[in-house]
There are 2 protein chains.
Amino acid sequence: MLSNSSKYALKAVLYLANKTDESHKLMVKDLSEPTQVPKAYLAKLLQALSKQNIISATKGPKGGYYLTKENKENPVYSVIEVIDGNQRLEACVLGIDECNAQHPCPLHEYVNPTRTALLSTLKKMTIAELSLDLSNGASFLSR
Amino acid sequence: MLSNSSKYALKAVLYLANKTDESHKLMVKDLSEPTQVPKAYLAKLLQALSKQNIISATKGPKGGYYLTKENKENPVYSVIEVIDGNQRLEACVLGIDECNAQHPCPLHEYVNPTRTALLSTLKKMTIAELSLDLSNGASFLSR
DNA sequence: GAAATAACATGATAAAAATCATATTTCGGA
DNA sequence: TCCGAAATATGATTTTTATCATGTTATTTC
Ligand code: FES
Ligand code: FES
């Protein structure tokens, strides 16, 4: 469904969402532990997200990664899109050339409705919204 | 969602479903073309399916792959299970240790209901059933 | 303005998935 | 019974993904 990279990126971004802002930042090593993502690998992912302005960063001492208010309003899907591209979730599950109702694969009718529903959720829901019940202990990023 | 291998295997099995039986068999090269799967790769997949009795095969001239009535009654999921194992579809989408409602990841509530619904469909529906509208041109395996 | 600290850029290595190749076994037909 | 056709077993190669490592640049602090 999602690549390992996307899973890692999402976990890190969700963690950032309710732990950081312009004046509270986190370094990769502080993200690596709670998200269970290897440090060097996570670093590379965060750089990619930063370059696409999905997350914010400042260099040097007292620097680190953080989410601005604007960052937090981005759709959850934007993280996935940067890392995996959009084909991964939108292409035909059986890999035929294009996925549409006029020329469906045998699984289309069973997977497409729920998949497009999920996709639309991911595109509408913001990082902030998704991270909400993480902050009140209703959901988790590891274990 | 599915590995390339599973997609290929599913396409081949569905093709076999309404083209073959004990007295009408197909060789890998006759499967490779309509399913758009590289011949040597498909051969290896079919061998794995055959070894697990998901499909049937006979060697030698006039031989080939085919589905018996029993084969056709297998759940669609059995193909996926043999090729991908069951973790791929059942594990947590964010990769946390186990997926359950007592200790959910932030995406759990959005993906789990539809995913378990799909899973249950795949486990209940037979190969024969899924291949049905393939035979009347209502679904397709390529293009 | 020098030193320390953090992200950034880039590339190297490792592991897994996908793909290809080839020799061996089994079976049907001449 | 011998020959050819097919699956089977096994392994090699290629490509992609995941992971690690290291030097460079920006920024704060002294
Ligand atoms: S055509 Fe296969 S999922 Fe839509
Ligand atoms: S816990 Fe993540 S999908 Fe269920």
Side-chain angles (χ1 to χ4, degrees), chain A residues 1-13 16 20 22-32 35-68 71 80 82-85 87-88 94-95, chain B residues 1-13 16 20 22-32 35-68 71 80 82-85 87-88 94-95:
Chain A
M1 181 110 143
L2 299 178
S3 70
N4 239 326
S5 295
S6 267
K7 294 176 191 174
Y8 290 170
L10 269 177
K11 293 209 279 183
V13 170
L16 285 171
T20 68
E22 281 82 352
S23 46
H24 301 84
K25 303 165 188 172
L26 286 175
M27 302 181 294
V28 309
K29 85 163 145 51
D30 300 322
L31 285 165
S32 168
T35 55
Q36 305 266 75
V37 179
K39 185 159 43 91
Y41 192 6
L42 181 56
K44 202 168 210 172
L45 296 171
L46 292 173
Q47 289 170 207
L49 292 170
S50 170
K51 191 185 295 195
Q52 305 298 320
N53 302 307
I54 305 298
I55 67 180
S56 303
T58 56
K59 294 180 178 179
K62 201 62 183 148
Y65 290 102
Y66 62 100
L67 298 193
T68 64
N71 291 149
I80 298 171
V82 164
I83 305 291
D84 282 345
Q87 279 307 290
R88 184 159 188 138
L94 286 188
Chain B
M1 182 112 142
L2 299 178
S3 69
N4 240 326
S5 295
S6 267
K7 294 176 189 172
Y8 290 170
L10 269 176
K11 293 209 279 184
V13 169
L16 285 171
T20 68
E22 281 83 349
S23 47
H24 301 85
K25 302 165 188 171
L26 286 176
M27 301 182 294
V28 308
K29 84 163 145 52
D30 300 322
L31 285 165
S32 167
T35 55
Q36 306 267 73
V37 180
K39 186 157 43 84
Y41 191 5
L42 181 56
K44 201 167 211 175
L45 295 171
L46 293 172
Q47 290 169 208
L49 292 169
S50 171
K51 189 185 296 195
Q52 305 298 319
N53 301 308
I54 305 299
I55 67 179
S56 303
T58 56
K59 293 181 178 180
K62 203 60 181 143
Y65 289 102
Y66 63 100
L67 298 192
T68 63
N71 291 150
I80 297 171
V82 164
I83 305 291
D84 281 346
Q87 279 308 291
R88 184 158 188 138
L94 286 188

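Residue numbers begin at 1 in each chain, while the letters A, B, ... track the order of the sequences.
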[X] side, atom [atom1]; [Y] side, atom [atom2] - distance, nearest 0.5 Å:
X	Y	atom1	atom2	value
B/Tyr65	B/Thr58	OH	OG1	10.0 Å
B/Leu26	B/Leu16	CG	CG	6.0 Å
B/Leu10	B/Ile83	CG	CD1	8.5 Å
A/Ser32	A/Met27	OG	CE	11.5 Å

| Which letters describe nucleotides 19-30 of chain C, given B = protein heavy atom under 4.0 Å from base, S = only from sugar-phosphate, - = neither? | BB----BBBB--
Give the rounded distance in Å between these two atoms: [atom1] of [X] and [atom2] of [N].
X	N	atom1	atom2	value
B/Leu2	C/dA17	CG	P	14 Å
A/Met27	C/dC8	CE	C1'	16 Å
A/Leu67	C/dA7	CG	P	14 Å
B/Tyr66	D/dA6	OH	P	15 Å
A/Leu46	D/dT19	CG	P	14 Å
A/Gln36	D/dT19	CD	C1'	16 Å
B/Asn53	D/dA7	CG	P	17 Å
B/Ile55	D/dA6	CD1	C1'	14 Å

| request: Look at all strands and tell whether B/Ile83 reaches a base, only sugar-phosphate, or nothing, counting heavy atoms closer than 4.0 Å. | output: nothing
| request: Using a cut-off of strictly less than 4.0 Å, decide whether A/Tyr65 has a side-chain nitrogen or oxygen near OP1 or OP2 of C/dC8. | output: yes
| query | Do we see a donor-acceptor contact under 3.5 Å between the side chains of B/Ser23 and B/Tyr66? | reply | no
| note | Ranking C/dA6, D/dA9, C/dT10 by distance to the side chain of B/Lys51, first place goes to D/dA9
| request: When you get a sec, tell me which of D/dA6, D/dT8, C/dA7 is the closest nucleotide to the side chain of A/Val28? | output: C/dA7
| field | Contact nearer the 5' end of DNA chain C, comparing A/Gly64 with B/Asp84 | value | A/Gly64
| field | Of A/Gly63 and B/Gln47, the one whose closest DNA chain D nucleotide lies more 5' | value | B/Gln47
| task | Could you pull out all residues at least two apart from A/Thr20 that satisfy side chain to side chain donor-acceptor pair (under 3.5 Å)? | result | none
Could you tabulate the donor-acceptor pairs under 3.5 Å formed by side-chain atoms of residues 42-55 of chain B, not counting sequence neighbours?
none

